[in-house]
Structures are given as structure tokens and as C-alpha cells.
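Hydrogens, waters and symmetry mates are skipped; everything else that's a heavy atom, side chains included, is used. Each ligand, and each atom within it, is numbered from 1 in the order the structure gives.
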Amino acid sequence: MRRLVAETQVSVNDLIAPLFVREDISEPQPIVSLPGVMQHSQESLRAEVKELAQLGIPGIVLFGLPNRKDATGSEAWNPDGVVQVALRNLRDDHGDSIVSIADLCVDEYTDHGHCGVLTPQGYVDNDATLELYQKVALAQAEAGADMVAPSGMMDGQVAAIRQALDANGHQITPILAYSAKYASAEYGPFREAVDVTISGGGNRKAYQQDPANRRESMEEIRLDIAEGADAVMVKPALAYLDVIAAARAEFDVPLAAYHVSGEYAMLKAAAANGWIDGPATAFEHLTSIKRAGADMILTYLAREVAEILQ
Ligand code: PBG
């Protein structure tokens, strides 16, 4: 009876697995604060994605750890950069049968850890960064990304990327915009996963959203859709279910939510101590995110949940 009347269902079709690929390794490296998640070598990434595809997971999102960082993050648009190599491998392995999404940002590639290039005064230069994002988008699309996902929260990034893709023969590559991305304390484990430290103890409050604001996020989403976003995102998820629900009520494009590294780490740490039932909590979290209105969920739980659903 409960199954018949359930209003919300988590399905494998909702899941996008975030994956990390690192340039200088031959064996996968565990990430201490994300138990069960690895920094992958190119080969172990291929093996992992084959298993995720067999489990029926429809999409993955890729983050890269380059050998070399510099002030502009130039490895991010190197045609032979770590994510571009991975995208080509995945296209060879899977064709169109799994959606390869490329996270589009430069913070994993800059030596200062910001999501853009800096002015001499040390501020992130929004408009100069847009030109870098255009180069990254082209490198990713040319390497076989099925979708690009700009996560840097620069104003005008969706329009700039759309224009660059359209002008270079990639009209059909969609954009998943990290539109309402909050300056959250829940990204800590991710920064370990991608080996990013923001120089000088800095933060991203000048370009990511203030957790106090919901209306401002609606404006961010509205602008991204007007600039050509095909799908939009709210991030993190659980502390922002009201934002997800408001976005669902107001906009009709596909809506993603990112259950971020800190959300996963809190769940795993409590479960490891026997303080909560891990799998039950995982389903409760993901069901709530869907109930709030998300169509798809980026989550480090993807593999585990797909295995249970199977
Ligand atoms: C930035 C980016 C971040 C995450 C995804 N893309 C970190 C940040 O904004 O500092 C966080 C994801 C997570 O915590 O799981 N390119």
C-alpha cells in the first residue's frame, strides 16, 4: 500500500556520479574524507564508468587533477589535459550510452585556487575569466563532453560559453549551469579530493551565493536560462531544499541538485560510528531532494544507491 501511494521515488535514472581523475597516478587513491570515493587514474576511471553504466547510471560528472597548476589554470583547456583525455576515453568506451558531463571551472587548475583569473589587487576578474571558460568549453566539447557544467559562478558565463560553442560547431552541446551555488562550508571534502587550497585563507563569497538568500538565487537561475542554460542546478542540496522547491515552482527547465561532498561525508561519518543507519539515511536524503523538486541528483552515493536499487 505504501508503494502504491508513494508520491516520490528515487530511481537510478535520477543519478549522476561525480568522479575524480588525476594525472600523475597509476593506481586509484582513496580520499580520506570521502570514504568509498577515489581519485582515479585514467585506467581505473574507465573501469569505474563501465561498472556505473552496467548499474544503469545515466550520467557522470568529471573533475580533473592536473600535474601542473598556474595563475590562469591553463591545463583546463589543454587538448591533452587530464579531463580531455578522460572524455575521449569515455567516448570510445561508451559512445552515447552514458552522459559524460564536464565540470567547467578553473579552480582545480589555478595555483591560487580561485575559480577565475585574478587582478593585480587579488580580486577575481569576472570578465577576463569568461574568456578562459570559453576555451575550456571548446576543449571539453572537442574531447567529447556530452554536456558542459560551468560551476565558477561568474556573471555571464552561460552566455559566453554558449556563444563559443555555437561559433565552433558545438551547437548541440547542452549547458548544465550551476546557477544557485552557495558559498557553503560543505565543500570541504571536495577540496581534499581535488587538492585545492584557496591562497591566503581566501573564500568564494565574492562570487558564490550567500546562504541567507533565496530570491537572489531565483534571479541567478532566471539570468542563466535567459543566457541559454539547458538545465540549472541548486547546490548544496539538503540545506537548500526551499531553494530547490522555489526553483521548481518558478522554472520549467530540468533542475539538478548537488548533494555535495560535506553532505556525503557527514552521512558516512555518522554511519561509520553506528549513530545512524547509512543506507536508510541515504535514501531519505535523496528522496527529500526529489520531493523538493529536483529532476536529477549529483551524488557520491550514486553507485551505492544503484547497487541497492538493483
Ligand atoms: C568548483 C566546484 C566545487 C564543487 C564542485 N565544483 C568547490 C567549490 O566551489 O569550492 C564542490 C562539490 C562538492 O563539495 O561535492 N569547481
**OP:** May I ask you to check whether Asp107 has an N/O atom sitting below 3.5 Å from an N/O atom of ligand 1?
**Re:** yes
**OP:** Compute the minimum heavy-atom distance from Lys181 to ligand 1 and say whether it is under 4.0 Å.
**Re:** yes
**OP:** Locate the shortest heavy-atom distance separating Ile289 from Leu238; write the atom from each residue and the value.
**Re:** CG1-CD2, 3.9 Å
Original post:
For ligand 1, which part of Ser261 has a heavy atom less than 4.0 Å away: the side chain, the backbone, both, or neither?
Top reply: both
Original post:
With backbone taken as N, CA, C and O and side chain as the heavy atoms from C-beta onward, which portion of Val260 lies under 4.0 Å from ligand 1: side chain, backbone, both, or neither?
Top reply: both
**OP:** With heavy atoms under 4.0 Å as the rule, classify the contact between Asp103 and ligand 1 as side chain, backbone, both or neither.
**Re:** side chain
**OP:** Name the closest protein heavy atom to atom 8 (C) of ligand 1, giving the residue it belongs to and the distance to 0.1 Å.
**Re:** Arg204 NE, 3.4 Å
**OP:** Compute the minimum heavy-atom distance from Glu108 to ligand 1 and say whether it is under 4.0 Å.
**Re:** yes
Original post:
Have Tyr178 and Asp103 got a donor and an acceptor in their side chains that come within less than 3.5 Å?
Top reply: yes
Original post:
Does NZ or CZ of Lys181 fall inside the cone over Tyr258's six-membered ring, less than 6.0 Å from its centre and within 45° of the axis?
Top reply: no
Subject >> Which of the ligand 1 atoms, numbered from 1, are nearer than 4.0 Å to a heavy atom of Cys105 >> reply: 16 (N)
**OP:** Would you mind running through ligand 1 and noting each atom that sits below 4.0 Å from a heavy atom of Lys235?
**Re:** 2 (C), 3 (C), 4 (C), 5 (C), 6 (N), 11 (C), 12 (C)
**OP:** Tell me, with the steps shown, if Phe63 and Val83 meet side-chain contact (heavy atoms from CB on, under 4.5 Å).
**Re:** CA-CA 7 Å; Phe63 298 91; Val83 162; over 6 Å; no
Original post:
Which heavy-atom pair separates Asp107 from Gly113 by the least distance, and what is that distance?
Top reply: CB-O, 3.5 Å
**OP:** Quickly, which of Gln42, Arg46, His40 forms a side chain to side chain donor-acceptor pair (under 3.5 Å) with Ser44? Name it, please.
**Re:** His40
**OP:** Work out whether the distance between some heavy atom of Arg191 and some atom of ligand 1 is less than 4.0 Å.
**Re:** yes
Original post:
Does Gln39 reach the main-chain N or O of Arg22 with its side chain, forming a donor-acceptor pair under 3.5 Å?
Top reply: no
Original post:
Is a side-chain donor or acceptor of Asp14 paired with a backbone partner of Ser11 at a separation under 3.5 angstrom?
Top reply: yes
Original post:
With a 4.0 Å cut-off on heavy atoms, is Tyr264 touching ligand 1?
Top reply: no
**OP:** Pull out every atom of ligand 1 sitting under 4.0 Å from any heavy atom of Tyr258, numbered as shown with elements.
**Re:** 12 (C), 15 (O)
